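To start, the structure under review is shown below, and the notes come after it.
Not measured: the values here are computed from a predicted model.
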Amino acid sequence: MRKKILSIAIFAFTFLNVNSQTPIYLDESKPIEERVTDALSRMTLQEKVKLCHAQSKFSSYGVSRLGIPELWMSDGPHGVRAEINWNNWNYAGWTNDSITVFPALTCLAATWNPDMAAKYGKAIGEEALYREKDVILGPGVNIYRTPLNGRNFEYMGEDPYLASVMCVPYIKELQKNGVAACVKHYALNNQEQWRGHINVELSDRALHEIYLPAFKAAVEEGGAWSIMGSYNKIRGQHACHNDLMLNKILKNDWKFDGAVITDWGGCHDTKEAALNGLDIEMGSYTNGLTSESAFTFDDYFLARPYLEMIQKGEVSESTVNEKAARILRLIFRTAMKRNKPFGSVATKEHYDVAREIAGEGIVLLKNEKRGNKLPSILPIDGEKYKKILVVGDNAVRMLNQGGGSSELKAKDMISPLQGMRELYGEKIEFAQGYMVGRPMYGREDKIDKNVEDSLRAEAVAMAKEADLIVMFGGLNKNHLQDCEGGDRTSYSLPFGQNELIESLTAVNRNFVLVLLSGNAVEMPWVAKVPAIVQGWYAGSMGGYALADVLSGKVNPSGKLPFSFPVKLSDCGANAFDSLAYPGDSINEVYKEDILVGYRWHDTKKIPSLFPFGHGLSYTQFKYGKPQISSSSISNGEKLTVTIPVTNIGKVAGKEVVQLYVGDEKCSLQRPVKELKKFSKVNILSGKTVDVTFTIDEDDFKFYDDRKSEWVVEPGKFKLYIGSSSVSVPVQININYK
């Protein structure tokens, strides 16, 4: 309704001016820069300043006098959030704001399939369009640095190349709907503890090699129309008005032409905001989650205080002209784009997309054979079992709820228990097994030990009588788990799940564990569990997608987008003192430098429990002898590598062929290898597919912070090709001249 009224207003404004001259800014046939220049010339100083700050919790001003609409934003990135009240954080209580919950971005990253990212972006864009949103606050591309980060489930893993490749199609397809991506959180928001003020110190190498590439790809390749600044400080200056990050890198080096939006409450200083690249200030005087204040929107740093600084000559009016131009550009691309479809929400097509993405992202971590006579448990043959016991609170918990700003109001939400019951019918029995406490902000959930013991005893008794146990455990989106505003306090599973797993496997070895989480967890019982599945937060159709994979209807093809350390200290960020993580409450130093995730495990020779890129299938793949166009490469040249991959199993399956590059000798420390290419291919049983990669000089470069540039040093390199960061059966020597 808001957009329909606005269209009438713009039409009336245009009609009334037709006898003079239609303003250029209203004419979509004109180049966008002409429209921006024309609109700016008609605006007062006060109107320009008003563009730069919020008018409600999730909208910012337009220019009503000129028929220029406001911007409406919504949290994402895996669904359009329910409506929030104008000026507090309560839900508005609408009855028409239920949506599709798409799988969390860890699951999307685990597909290792850019086609899935494109489908995801298109579908969420259509839902945002239907809900009349102009900006979706996502995708999130912060790097997975430690498994304790409460917000890892919103991001795309530990590798900058994987995150880069996966975010670009999402952004492109989303924005085809006239809805802007707001890529977040720029940058180094790699933890929730002390996120509002922690000052991150790191090398230029780590910044450019690890933490910036996905943002750079989002801007230069994805063409993102907006970027969200992060809460934390970077080298002493808040990220939302940081000269290095916003002026020098984002807007100068990357030529970003969109608008920088704060995270809610991320602005702290008027002059810094005026000078250091911030365009729109949202949510100030709140903590981004709960608290309110008596301040009005006119009290924001980029509101009246900014206007007064300009009027006094303390900052130049050119600063607001630059901001207003960027905001107008964003408005013309979104809210003022008239030729848009109406969108759609919670349709069969969107449910199919959500189910397909979840199915491709689910990772089969382990599926061992039980001796010579018994095959692997998975896939579950329903004819073999008379009684299947489903265990676990996560089998029935609605995991769209909680998590902070990513909480979603689902129209439909298929639980794992429902998915299993619809597939296996009366064979399914259920035992809760463990209980999740009521979320209490600021402290961990606690359950009465008697209740915990009783639930476990009931599950064990039922397990003794069952033919097969399928436990749905993991984390949930309560505070201090996978949730905004706080980090995990432990690497282990909560709510007595370790004890439950030990007890169940002691009485029945026909046991499948499905972990629903956005983070790695410790697995002291891993040797006793024959089959383990990483099921993520799989969205509205998650219960069906999990049943698809467990039954074999879908052959699992997901690969881990981050490593699972054996113990927490095996992770680079957690291998040093507390200054490396979580910091001393003021400063934090990234002491592991560029050695994040598998780079750390490889280089330090610390085996992971499950490595980056790992994921099993119900079939097997064999890598053949590679063909390479040349054994050497020099500046400006390219070479191709073709590797035959054969499905030697009995069913069709998808394999993710991964190519890593390693520098044998360098003047600066480099990881053993780094992901540079990958390709997901579908291969029929008994068939071979040739996978070809093209390599150029960029794939051999590193960031030399002595020169502040990307360089490649002549010498010997090695190409590693395989199915994970540790399973690389094909290795090829290359000379760079």
Side-chain angles (χ1 to χ4, degrees), residues 102-103 105-120 156-157 159 161-162 165-166 169-170 352-367 376 378-380 514 531-536 538-539 541-542 544-562 610-624 641-660 675 677-693 721-730:
F102 295 95
L105 289 190
T106 42
C107 183
L108 174 62
T111 70
W112 288 60
N113 189 342
D115 291 340
M116 293 298 103
K119 290 184 177 184
Y120 197 122
M156 295 195 186
D159 184 76
Y161 179 74
L162 175 63
V165 171
M166 293 300 293
Y170 177 117
D352 288 346
V353 167
R355 185 171 181 170
E356 183 182 13
I357 292 168
E360 282 221 10
I362 292 167
V363 181
L364 180 58
L365 295 177
K366 182 181 179 183
N367 195 27
S376 303
L378 295 177
I380 298 169
V514 182
I532 304 173
V533 174
Q534 178 62 36
W536 313 110
M541 297 293 107
Y544 290 151
L546 288 162
D548 288 342
V549 169
L550 293 174
S551 67
K553 182 178 179 180
V554 170
N555 192 348
S557 62
K559 300 282 187 174
L560 288 179
F562 52 79
F610 295 109
F612 173 79
H614 170 74
L616 303 176
S617 170
Y618 296 148
T619 190
Q620 298 84 41
F621 301 100
K622 182 179 180 181
Y623 287 68
V641 181
T642 299
I643 181 79
V645 182
T646 303
N647 181 343
I648 59 173
K650 297 180 180 180
V651 294
K654 294 179 181 179
E655 172 68 321
V656 179
V657 184
Q658 303 163 41
L659 184 148
Y660 299 79
L675 181 70
K677 306 287 178 184
F678 64 86
S679 179
K680 191 166 195 175
V681 290
N682 186 40
I683 310 176
L684 300 177
S685 174
K687 300 297 183 179
T688 298
V689 170
D690 288 337
V691 178
T692 298
F693 297 112
I721 303 174
S723 59
S724 78
S725 60
V726 300
S727 178
V728 283
V730 178

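The minimum heavy-atom distance between Thr111 and Ile357, with the atom names listed, is CG2-O, 3.5 Å. Of all heavy-atom pairs spanning Val554 and Tyr618, the tightest one is O-CE1, 4.1 Å. Summarising the geometry of Asn113 relative to Glu360, their closest heavy-atom pair is ND2-OE1, 3.1 Å, with the distance given to 0.1 Å. In terms of heavy atoms, Gly624 sits closest to Val730 at O-CG2, 3.8 Å. In terms of heavy-atom proximity, Pro561 sits nearest to Met156 at CB-O, 4.1 Å. Closest non-hydrogen pair, Val645 versus Ile683, comes out as O-CD1, 3.6 Å.
Looking at Ser557 and Lys680, their side chains do bring a donor and an acceptor atom within 3.5 Å of each other. Side-chain contact check for Asn647 and Ser685: no donor-acceptor pair (N or O, by modelled atom type) lies under 3.5 Å. For the residue pair Glu655 / Tyr623, a side-chain donor-acceptor distance below 3.5 Å is found, with atom types taken as modelled. Side-chain N/O atoms of Thr642 and Asp690 include no donor and acceptor closer than 3.5 Å.
One finds the CG atom of Leu364 at 9.5 Å from the CD1 atom of Ile532 (value rounded to the nearest 0.5 Å). Between the CD1 atom of Ile380 and the OG atom of Ser551 there is a distance of 7.5 Å, given to the nearest 0.5 Å. For the atom pair CG (Leu162) and CG (Leu560), the distance works out to 11.0 Å, reported to the nearest 0.5 Å. Taking OH of Tyr170 as the start and CG of Leu108 as the end, the distance is 8.5 Å to the nearest 0.5 Å. Distance CG/Leu616 to CG/Asn367: 7.0 Å, rounded to 0.5 Å.
Side chain of Trp536 to main chain of Gly361: a donor-acceptor pair is present (N/O by atom type, distance under 3.5 Å, no hydrogens or angles). A donor-acceptor pair is defined here as one N or O able to donate and one able to accept, closer than 3.5 Å; such a pair exists between the side chain of Ser724 and the backbone of Ser727. In this structure, Thr619 contributes its side chain and Gly649 its backbone to a donor-acceptor pair below 3.5 Å. Listed for the Ser725 side chain is no donor-acceptor partner under 3.5 Å among the backbone atoms of Gly613. The backbone N or O of Ala652 sits less than 3.5 Å from a side-chain atom of Asn555, completing a donor-acceptor pair.
Between Phe612 and Tyr660, the ring planes are perpendicular. Angles over 60° get that label, and only those under 30° would be called parallel. Ring-plane geometry between Phe678 and Tyr161 is classed as perpendicular, the angle between the planes exceeding 60 degrees on a 0 to 90 degree scale with a lower cut at 30.
Annotation: side chain of Phe610 is not in contact with side chain of Val363 (no heavy-atom distance under 4.5 Å). Looking at Gln658 and Lys559, their side chains come closer than 4.5 Å, going by heavy atoms from C-beta outward.
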**Message:** Would Tyr120 and Phe102 count as a ring pair (Phe, Tyr, Trp, His ring centres under 6.0 Å) here? Give the steps.
**Reply:** CA-CA 8 Å; Tyr120 197 122; Phe102 295 95; 5.5 Å; yes
**Asked** Is there a side chain to side chain contact (heavy atoms under 4.5 Å, CB included) between Val728 and Ile721 once you walk through the steps?
**Response** CA-CA 5 Å; Val728 283; Ile721 303 174; over 6 Å; no
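Partner Val514 forms a side chain to side chain contact (heavy atoms under 4.5 Å, CB included) with one of Ile362, Leu550, Val549 and no other, that one being Leu550.
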